[in-house]
Structures are given as C-alpha cells and as structure tokens.
Amino acid sequence: MSDLPKAYDPSLVEEKWQSRWIEEGCFKADPASEKPAYSVVIPPPNVTGVLHLGHVLNNTIQDILVRRARQKGYEALWLPGTDHAGIATQVRVEKDLKQTTGQSRHDLGREAFLEKVWEWKEKHGGIIINQLHKLGCSCDWDRERFTMDEEYTKAVGQVFIELFKEGLIYRGRRMVNWCPVSLTALSDEEVIMTEQKSKLYTVLYKLEDGSGALHVATTRPETIMADVAVAVNPKDPRYAHLIGKKRHASAQPHPHPYHRR
C-alpha cells in the first residue's frame with residue numbers, strides 16, 4: 001500500500017471518482033421509480049464566462065441537499081444546465097469581435113454573427129459544465145439542458161401560453177428598461193443602479209374610528225393616491241391593532257381595510 005501524500009492533490013481524486021460515478025450511473029434519476037421524488041434544478045449559470053465562488057457555494061449547498069435526499073431514500077434528480085443570457089452574451093461577443101477583428105455585428109450580418117455567438121456558447125458553455133464536473137456535482141448529466149435547446153424552448157413557450165390562458169400572467173402595455181444601445185428591453189437585473197439623493201416623506205394615515213394613525217414613509221409620494229391597502233405582519237405587536245381598520249375618509253376618497261401579510 002502506497003503512502004498517503006502529505007498534501008491533497010485534487011488531480012489524483014476528482015477525475016477518477018467523477019468518471020467512475022458517471023460510468024456507473026450513480027446520479028441518474030428514474031422517472032418510473034416508486035420512491036418519493038426529490039428534484040433540484042441548477043439556477044443555470046450564464047455562458048458568458050466561467051463559474052465564480054458564488055456559483056461554487058450555491059452548487060455545493062445543492063449537492064449536499066441532493067446527496068442527502070438520495071441517502072434518505074428519495075428518487076433524487078439534480079438537473080444541470082446553462083443559460084443563454086442572450087443580451088449579455090451578445091455584448092460579450094460584440095466586444096470580442098471588435099477587439100479581434102475591428103468589426104461590428106452589422107459588418108458581419110445576422111447569420112454570421114449568430115454563428116459567432118454559438119461558437120462562444122460552445123466554448124464557454126463547455127468550460128462551465130467541465131467545472132461542474134470538477135466540483136464533483138452529482139447531477140444527472142444525461143439530462144443536461146441549454147436554454148436555447150429546441151425541445152426546451154418549445155416547453156417554455158407552451159407553459160407561457162397555458163399561464164396566459166389561465167390569467168396568471170399578462171402582457172404589459174409598455175416595455176420597460178429600454179436599452180438604446182442593444183435596442184431591446186432589459187430585465188431589472190441587467191440595469192445598472194445608481195444612488196441618488198432624495199427626500200423621505202412621511203405620510204400620516206388617520207384611522208376612520210379615530211383610534212389613532214399610521215405613519216408610512218416613502219420616497220415616492222406621488223404613488224400615495226394609488227394606494228389601496230397597507231400590509232402588516234400580524235405577528236408584529238406594533239401593528240396588530242391596525243388589522244381590519246380603515247383609513248379616515250379625508251385620507252383617501254375610498255378607504256380600504258388594512259390587510260394581513
């Protein structure tokens with residue numbers, strides 16, 4: 001028996017055990033299993049770069065939970081995948097294109113630029129998946145998904161249609177967070193927040209029964225006229241006496257009751 005090395009060498013351990021786990025199908029989930037189901041979907045990392053310590057922490061916690069579920073007798077599925085992050089990826093590819101060739105996406109044209117984006121995805125998406133392997137993540141790797149996969153896209157579209165028909169989501173009247181550079185709408189997560197000096201206004205809501213008042217602080221007093229209710233924590237003794245009370249008519253033309261939150 002050889003002596004144990006004085007220092008831990010991951011290269012001697014990671015590849016060996018991860019390959020063995022995958023070859024023996026240790027992490028495959030059986031949809032026909034009679035065991036209680038337990039599933040976790042990796043919040044897909046963007047293909048614009050590589051994993052950082054935040055990803056490592058997040059995935060370590062998920063791995064612990066999934067492995068524990070397997071040991072407790074659950075049919076556990078940990079679904080791996082990566083996200084296209086369309087706008088962020090486009091920006092990264094455009095920057096790389098400009099630095100390496102001096103061209104823009106308009107110089108290449110739509111089809112040629114899309115090919116460049118897919119090349120970027122194959123390169124960086126592969127790096128991320130390889131990193132997850134190196135971490136020893138116990139995913140069902142046969143189910144790996146990318147958010148632009150054809151079947152995945154169809155499934156997402158179908159779900160959105162069903163939710164819309166059920167009235168659970170709606171199409172807004174306006175686009176928000178418009179980017180004049182990318183010429184598209186951005187999510188709040190893509191917006192660069194900037195701090196601004198402002199004023200904090202305190203609004204006094206008198207109660208209809210004359211038993212007191214509630215002070216509400218806001219930086220947007222213009223929204224006060226649209227208020228319909230104030231939510232309070234029923235377990236907080238400071239606000240328990242407000243539950244079911246109404247605002248005084250002078251505070252709003254149509255007073256509404258306070259609601260539990």
Side-chain angles (χ1 to χ4, degrees), residues 8-89 92 117-169 187-190:
Y8 173 69
D9 185 355
S11 64
L12 300 176
V13 179
E14 292 174 346
E15 186 66 33
K16 169 187 174 182
W17 287 107
Q18 183 69 357
S19 297
R20 182 170 174 179
W21 289 335
I22 293 175
E23 289 171 4
E24 297 185 5
C26 296
F27 309 140
K28 288 185 178 180
D30 180 8
S33 174
E34 296 182 356
K35 298 178 182 178
Y38 185 94
S39 64
V40 174
V41 178
I42 284 184
N46 296 346
V47 295
T48 52
V50 297
L51 298 183
H52 52 64
L53 284 177
H55 290 119
V56 174
L57 173 61
N58 191 314
N59 288 319
T60 298
I61 294 172
Q62 292 176 66
D63 200 11
I64 291 171
L65 294 173
V66 173
R67 288 176 183 268
R68 177 175 178 269
R70 288 195 191 97
Q71 292 179 329
K72 294 189 69 174
Y74 288 86
E75 189 63 39
L77 166 64
W78 190 13
L79 190 67
T82 52
D83 181 32
H84 66 281
I87 298 170
T89 302
R92 289 291 297 272
V117 174
W118 277 106
E119 289 175 6
W120 182 277
K121 178 267 173 182
E122 293 301 325
K123 176 183 177 182
H124 289 274
I127 291 174
I128 289 173
I129 293 300
N130 186 55
Q131 287 179 308
L132 292 173
H133 277 283
K134 291 292 185 182
L135 289 172
C137 292
S138 60
C139 301
D140 186 343
W141 295 106
D142 290 340
R143 296 173 183 259
E144 181 188 329
R145 287 293 178 268
F146 173 56
T147 48
M148 291 294 284
D149 287 346
E150 184 176 357
E151 293 302 317
Y152 183 97
T153 303
K154 287 181 180 178
V156 171
Q158 183 61 37
V159 170
F160 268 90
I161 291 172
E162 291 174 359
L163 292 175
F164 180 81
K165 288 181 177 179
E166 293 175 17
L168 298 177
I169 60 174
S187 73
D188 290 344
E189 292 181 349
E190 306 290 349

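The residues of the chain are indexed from 1 along the displayed sequence. All of these numbers come straight from a predicted model, not from anything done at the bench.
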task: Would you give the length of the straight line joining atom SG of C137 to atom CD of Q18, rounded to the nearest 0.5 angstrom?
output: 7.5 Å
task: Provide the closest heavy-atom pair for Q62 versus V40 in the form atom of the first, atom of the second, distance.
output: OE1-CG1, 3.3 Å
- request: Give a yes or no on whether L168 atom CG has more than 12 heavy-atom contacts from other residues, nucleotides or ligands under 6.0 Å away.
  value: yes
field: Smallest separation among heavy atoms of Y38 and V66, with atom names
entry: CE2-CA, 4.2 Å
message: Once you measure the plane-to-plane angle for F146 and W118, does it fall in the parallel (<30°), tilted (30-60°) or perpendicular (>60°) bin?
response: perpendicular
query: With a 4.5 Å limit on heavy-atom distance, are the side chains of L65 and W78 in contact?
result: no
message: Quick one, L79 and C139 - any side-chain contact, counting heavy atoms below 4.5 Å?
response: no
task: Check whether any side-chain N or O of D149 sits under 3.5 Å from a backbone N or O of R145 as a donor-acceptor pair, and report yes or no.
output: no
task: To the nearest 0.5 Å, tell me how far L51 CG sits from I128 CD1.
output: 5.5 Å
query: So which heavy atom on E75 is nearest to which on D30, and how close?
result: OE2-N, 2.8 Å
message: So which atom in S138 and which in D63 form the shortest heavy-atom distance, rounded to 0.1 Å?
response: OG-OD1, 2.6 Å
- prompt: Within a strict 4.5 Å, meaning less than it, do heavy atoms of the V13 and D9 side chains meet?
  reply: no
message: Quick check for you: to the nearest 0.5 Å, what is the distance between R92 atom CZ and I87 atom CD1?
response: 15.0 Å
message: To check you understand the geometry: which heavy-atom pair defines the closest contact between A29 and A76, and what is its length?
response: CB-O, 3.6 Å
- prompt: Where is the tightest heavy-atom contact between G73 and P36, given as atom of each residue plus distance?
  reply: O-CD, 4.0 Å
- prompt: Heavy atoms, side chains only, cut-off 4.5 Å: are T82 and E144 in contact?
  reply: no
- request: Please check if the distance between the ring centroids of F27 and W21 is under 6.0 Å.
  value: yes
- prompt: When rounded to the nearest 0.5 angstrom, what distance separates NZ in K72 from NZ in K35?
  reply: 14.0 Å
statement: For H84, the ring-ring contact (aromatic ring centres under 6.0 Å, His included) test, sequence neighbours excluded, returns none
- line: Separation between CD (Q158) and NZ (K154), nearest 0.5 Å, reads 11.0 Å
- request: Might you confirm whether atom CZ of R143 has over 12 heavy atoms from other residues, nucleotides or ligands at distances under 6.0 Å?
  value: yes
- prompt: What distance do I61 atom CD1 and L57 atom CG have between them, rounded to the nearest 0.5 Å?
  reply: 4.0 Å
message: Could you tell me if the side chain of L132 sits less than 4.5 Å from the side chain of I42, heavy atoms only?
response: yes
message: Between L77 and K28, does the side-chain contact (heavy atoms from CB on, under 4.5 Å) criterion hold? Intermediate values first, please.
response: CA-CA 7 Å; L77 166 64; K28 288 185 178 180; over 6 Å; no
message: Between the side chains of K134 and E15, is the shortest nitrogen-to-carboxylate-oxygen separation below 4.0 Å, so that they form an ion pair?
response: yes
